[in-house]
Amino acid sequence: MDLQLLGKTAVVNGASQGIGFAIARRLAAEGADLLISARKEAALISAAEQISMETGRKVRAVVGDLRMADGCDTILAAVHECGGADILVNNGGAPPLGAALDFDDLRWSRAFEQNLLSVVRMIRGVVPAMAARGGGSIVNITALCTLQPMPNFGLSVSTWAGVLGIAKTLSLELGPKNIRVNTLCPGLIDTARADLVDGPVSSGPGNSELQEALKSIPLGRKGDPAEIAAVATFLASPLASYVTGTTLAVDGGISKNLI
Ligand SMILES: NC(=O)c1ccc[n+]([C@@H]2O[C@H](COP(=O)([O-])OP(=O)(O)OC[C@H]3O[C@@H](n4cnc5c(N)ncnc54)[C@H](OP(=O)(O)O)[C@@H]3O)[C@@H](O)[C@H]2O)c1
């Protein structure tokens with residue numbers, strides 16, 4: 001199936017490894033040129049070189065920390081140098097795990113800036129050029145815990161719930177500009193981050209809940225980052241031209257709600 005991505009420009013944040021890397025790699029495999037970002041330069045450049053070598057697409061790497069306005073501005077300046085983007089994938093890290101009331105105002109502010117304000121800043125920055133190019137697609141990566149909260153994930157649940165809110169709002173406001181906004185909620189995905197959270201030696205907050213969750217996945221396994229990438233790439237592509245404002249769990253069937 002031709003996803004009609006040849007020659008499109010995609011910005012993928014948090015793309016040096018894990019889910020973001022898998023999305024960037026798949027978009028490039030489908031013909032998109034990339035601008036990828038993360039904080040650690042060596043890993044980011046290595047990811048860019050690997051994707052470029054595998055796909056022959058242009059892959060530009062920009063170091064930036066999404067938790068700060070400066071970091072978002074650095075990434076956005078590079079996007080503007082490229083003449084704008086057709087696709088934006090908002091992906092990155094996540095705030096710490098722990099009991100919600102144990103975090104002080106500073107931690108809450110940082111979580112807000114990391115998970116929600118970074119998404120607003122990136123979208124605000126790319127939209128004018130995206131609209132001028134005739135439209136585009138924005139895909140946000142949150143987590144299943146946003147739809148089905150678990151103890152100790154309060155910082156992420158609360159701030160990503162805001163991402164669901166802004167995504168739906170923007171699907172209404174940007175639809176007339178032919179810009180679509182959708183959000184994915186991955187379940188348990190086999191990445192380095194997941195190993196940190198629920199690895200065999202981890203006894204950190206969230207571990208027991210995640211171990212229980214793993215046992216109840218109908219498909220009986222964690223997801224592969226490529227399985228998130230396949231869905232994200234479809235939503236980013238013109239083939240999903242009538243899909244906007246959706247929130248989609250990609251979770252091996254673990255969520256128990258009807259819709
Ligand atoms: N893995 C799962 O089971 C799972 C499930 C649901 C949701 N998620 C969410 O999906 C997202 C990606 O998860 P993952 O498992 O792929 O994580 P990962 O393997 O740790 O990769 C995270 C990527 O984001 C970058 N990053 C982290 N913090 C950043 C920041 N402040 N600014 C810019 N880049 C940053 C990392 O590079 P640098 O460290 O160099 O910045 C890396 O490239 C996270 O938000 C995670 O919470 C993951």
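In each ligand, atom 1 is the first atom listed, and ligand 1 is the first ligand listed. Given the structure is predicted, the values throughout are model-derived calculations rather than measurements. Numbering starts at 1 and runs along the sequence shown.
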Those atoms of ligand 1 less than 4.0 Å from some heavy atom in P186: 5 (C), 6 (C)

Per-atom contacts of ligand 1 with I141, taking only distances under 4.0 Å to non-hydrogen atoms: 10 (O)

Close side-chain approach of T247 to L164, heavy-atom, < 4.5 Å: yes

Those atoms of ligand 1 less than 4.0 Å from some heavy atom in W160: 45 (O), 47 (O)

Identity of the nearest option to atom 8 (N) of ligand 1, non-hydrogen atoms only, from T146, D65, T142: T142

Validation row: N13, I75 side chains within 4.5 angstrom (heavy atoms): yes

Non-hydrogen side-chain atoms of L172 and T169 separated by less than 4.5 Å: no

Ligand-side contact atoms (ligand 1) for residue partner G64, heavy atom cut-off under 4.0 Å: 32 (N), 33 (C)

Sequence-distant partners of R39, salt bridge (charged side-chain N to carboxylate O under 4.0 Å, His left out), two or more places apart: none

Min side-chain heavy-atom separation T9-R133 under 4.5 Å: yes

Side-chain touch R193/Q17, heavy atoms, less than 4.5 angstrom: no

N91: numbered ligand 1 atoms lying under 4.0 Å from its heavy atoms: 10 (O), 11 (C), 12 (C)

Winner among R39, Q17, E113 once heavy atoms are compared against atom 29 (C) of ligand 1: R39

Contact atoms of ligand 1, heavy-atom distance to R67 under 4.0 Å: 31 (N)

Nearest-option assignment for atom 2 (C) of ligand 1, heavy atoms, candidates V63, I189, I228, N140: I189

Atom 22 (C) of ligand 1: nearest protein contact (heavy atom, Å): G92 O, 3.8 Å

For L66, the ligand 1 atoms whose distance to one of its heavy atoms is below 4.0 Å: 30 (C), 31 (N), 32 (N), 33 (C)

A15 neighbourhood, listing ligand 1 atoms whose heavy-atom distance to it stays under 4.0 Å: 43 (O)

L88 vs N90 side-chain heavy atoms within contact, under 4.5 Å: yes

Side-chain heavy atoms of I123 within contact of V119, under 4.5 Å: yes

P225, portion touching ligand 1 at heavy-atom distance under 4.0 Å: neither

Ligand 1-proximal atoms of I19, by part, heavy-atom distance under 4.0 Å: both

